[in-house]
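The next block holds one structure in the form of structure tokens; read it before the comments.
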Amino acid sequence: MAVHRTAFLVLLLFSGTVLLGSKVESADGKACPRNCDPDVAYMVCPSSGHRIIKQVCVNCCSARKGCKLFRNNGSVKCTGT
């Protein structure tokens, strides 16, 4: 009886390890601060029809994929990934 109980616990722990391991591998792993970049004046996103979005609180890390962040002088600072 004790052998069956031990085998069951080992199998349960192994199953949990496999499931948790698969979740970790599929995680994005991108640590991104949520602070505003004062150097960003506006952004343009494909989802907005390439219209200028002003008064944004984003940084290069937190911008959505495809969005371009611009400085006051009109130069591109970065593109969201």
Side-chain angles (χ1 to χ4, degrees):
M1 184 73 170
V3 173
H4 294 325
R5 187 176 291 168
T6 304
F8 176 74
L9 288 174
V10 168
L11 182 62
L12 186 64
L13 286 172
F14 179 72
S15 299
T17 303
V18 169
L19 289 173
L20 288 175
S22 66
K23 294 277 185 190
V24 171
E25 289 174 9
S26 65
D28 191 0
K30 179 180 172 183
C32 187
R34 297 208 171 245
N35 56 337
C36 301
D37 187 345
D39 195 29
V40 174
Y42 62 95
M43 75 177 178
V44 175
C45 296
S47 62
S48 69
H50 297 286
R51 125 181 102 78
I52 293 176
I53 304 167
K54 294 186 177 190
Q55 296 177 346
V56 293
C57 181
V58 293
N59 58 41
C60 291
C61 179
S62 65
R64 289 179 295 175
K65 186 175 183 175
C67 293
K68 292 184 181 182
L69 305 181
F70 292 88
R71 296 180 180 93
N72 280 326
N73 65 6
S75 64
V76 177
K77 177 164 182 153
C78 59
T79 302
T81 56

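These numbers were taken from a predicted model, which means no experiment stands behind them.
Side-chain atoms of Val40 and Asn59, non-hydrogen and from C-beta on, never get closer than 4.5 Å to each other.
Residues Val56 and Ile52 are members of separate hydrophobic clusters, defined by side-chain heavy-atom contacts under 4.5 angstrom among Ile, Leu, Val, Met, Phe, Trp and Tyr.
Across every non-hydrogen atom of Cys36 and Pro38, the tightest pair is O-CD, 3.3 Å. Scanning all heavy atoms of the two residues, the minimum distance from Met43 to Phe70 falls at CA-CD1, 4.4 Å. Listed here is the closest heavy atom pair of Gly66 and Pro46: O-CD, 3.3 Å. Closest approach of Ser62 to Cys32, counting heavy atoms only: N-SG, 3.3 Å.
Between atom NZ of residue Lys68 and atom OG of residue Ser75 there is a gap of 12.5 Å, rounded to the nearest 0.5 Å.
With sequence neighbours left out, Lys77 forms a salt bridge (charged side-chain N to carboxylate O under 4.0 Å, His left out) with Asp37, Asp39.
Under the 3.5 Å distance criterion, the side-chain polar atoms of Arg71 are matched with a main-chain donor or acceptor of Val76.
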